[in-house]
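Just below is one structure, and these are the notes that go with it.
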Amino acid sequence: MNNTNEPSIDFYKKFQEIKYDMSKASLEDIKNILDHYNQGAIEVNGIKYHFNITPLDAACLNARYKHLTGEDHPTFISEQGKVLDEIIKSGEGISVDGKPTVYQRLRNNLTGEGLGISILTNKKESYIEKFNAIKRNISQASLADIKDILDHYDQDSVLIDGKLYHFRPNALQGASLNARYKELTGQDHPTFVKAQEQILEEQIKNGQGISVNGHPTVYEQLKSNNIEIGNHNHILSRANEIILNPQKASLEDISSLLNYFNGEPVLIDGVAHHPFNDPISASKLNARYKELTGHNHPVFTEQAPKVIDDLLKDKDMLIQAGAYGVDHFQMLEQILKEIQQTKDPKTVFTIARDRQRQLDGEERARQINNMGKTDLNPQEMQQIVTETTQYNSTGGINKK
């Protein structure tokens, strides 16, 4: 063992051993390493040894020291600012989204001003690992884990063992985490509420998210608090299983799934689940529902004609593009016909009348537009179109 008065690089050998998991380092080891931070080269037996402990490493070593002693290491405090000032002056480091570099944030940790950065002494017990363990089934997470994760929701990066980790659950995951927290406590998490508003504003401003059928994006729905947040047991999590085997599904499952046909998205474990809108699949589910109840499901009856009408409008284009075959549209038309037949006669008549009225008006307008010459002025032509539109070839003059 070296005499305590003789120079030694044993501290640096120890640093190489513990740098990838500083949580295992003893207080003696940490103290010895930080005692030599930024102290220059060491000469041993006529040989000069140059070693490098980065300010990121030093910050994590000091966090471990503080965890064990309750205070900062004096050499770290005296030297860290000097090292960081030189790096910042040289322009080293990358700024992400206009935020300070990691070196400036470490400098802010010393001054207590501006945006700093968190330093974790143990990744295995950190909120990062907790999140990775529960993110696929947030509904089973404990209050302690959810709180620890959301306590750090306003942070975008963290230092662990001298390495920079970019970590933050995305806005959808954050909303699911907060829903679990609210389920357990009856209130929103304060850090989440503050950070989420800013995150959503940035996402919306940058045009993130997809608008489906003209509806607001998921981010816009989250901002307006107008989205359902479900858990791992939500019916949409089992949608494929039920659609593929409707005969094995219970009436409750069939009915619950049909309630979401062509509906709004549901947030489950941080993922937006867009409900199915295939009318053929819905028709199979409805057939099972009708078998068990004797009548059609009301949501199917309401939504299927809307979906089918939208598809029929683009029938020629979709066939030409190869998206669907002619037989697919024949099936859709048959579904539509069956729905209409099950409605009361007055409703069936009204649908047929309105459809024919629209067709008659369009045909009459085409006839007028195709006239090579006409003595009618625009007002007279409009009157003819209006009267024709009001006339019903399946039911005579429209009676109010």
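Since we're looking at a predicted model, the values are computed, not measured.
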Legend entry - Full working for salt bridge (charged side-chain N to carboxylate O under 4.0 Å, His left out) between Arg238 and Asp253: CA-CA 9 Å; Arg238 297 184 288 119; Asp253 284 350; 3.1 Å; yes

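- Under the 4.0 Å criterion applied to side-chain N and carboxylate O atoms, Lys313 and Asp309 are not assigned as salt-bridge partners.
- Each of Asp29, Leu61, Ile53 was checked for a side chain to side chain contact (heavy atoms under 4.5 Å, CB included) with Leu34, and the lone residue meeting it is Leu61.
- With rounding to the nearest 0.5 Å, the separation of OG1 in Thr121 from CE in Met22 is 11.0 Å.
- Side-chain contact between Tyr127 and Leu120 is present, with at least one heavy-atom pair separated by less than 4.5 Å.
- Counting only N and O atoms by type, the side chains of Ser139 and Asn137 include a donor and acceptor under 3.5 Å apart.
- Take Tyr65 and apply the ring pair (Phe, Tyr, Trp, His ring centres under 6.0 Å) test, not counting sequence neighbours, and it matches His73.
- A 4.5 Å side-chain heavy-atom check between Ile268 and Val271 finds every atom pair outside the cut-off.
- Donor-acceptor pairing under 3.5 Å is recorded for the side chains of Glu338 and Gln334.
- Under a 4.0 Å N-O distance rule, the pair Asp269/Lys135 does not qualify as a salt bridge.
- Separation of atoms CG (Leu143) and CG (Asp148) is listed at 11.0 Å; rounding is to 0.5 Å.
- A salt bridge does not link Arg168 to Asp156: none of the charged side-chain nitrogens sits closer than 4.0 Å to a carboxylate oxygen.
- Of the charged side-chain nitrogens involved, none lies within less than 4.0 Å of a carboxylate oxygen, so that Lys31 and Glu28 do not count as a salt-bridged pair.
- For the pair Ile42/Phe11, a side-chain contact is recorded, criterion being any heavy-atom separation below 4.5 Å from C-beta on.
- Here the side chains of His36 and Ile33 are not in contact, with every heavy-atom distance at 4.5 Å or above.
- Comment: Glu202 does not engage Lys205 in a salt bridge, judged by the lack of any side-chain N to carboxylate O separation of less than 4.0 angstrom.
- Judged as a side chain to side chain contact (heavy atoms under 4.5 Å, CB included), and not counting sequence neighbours, the contacts of Gln303 are Phe261, Asn262, Val299, Lys306.
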Which side-chain N or O atoms in residues 80-89 pair as donor and acceptor under 3.5 Å with protein atoms at least two apart or in another chain?
from, atom 1, to, atom 2, distance (Å)
Gln80, OE1, Tyr37, OH, 2.6
Gln80, NE2, Pro55, O, 3.2
Lys82, NZ, Glu79, OE2, 3.4
Asp85, OD1, Arg107, NE, 2.8
Asp85, OD2, Arg107, NH2, 3.4

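- A donor-acceptor pair shorter than 3.5 Å can be found between the side chains of Thr54 and Asp57.
- Both Ile335 and Leu312 belong to a single network of hydrophobic side chains, linked directly or stepwise wherever heavy atoms of I, L, V, M, F, W or Y lie under 4.5 Å apart.
- Remark: Tyr103 engages no residue in a ring pair (Phe, Tyr, Trp, His ring centres under 6.0 Å) (not counting sequence neighbours).
- Qualifying ring pair (Phe, Tyr, Trp, His ring centres under 6.0 Å) partners for Tyr165, counting only residues two or more places apart in sequence or in other chains: none.
- For His328, the ring pair (Phe, Tyr, Trp, His ring centres under 6.0 Å) partners at least two apart in sequence or on another chain are Tyr324.
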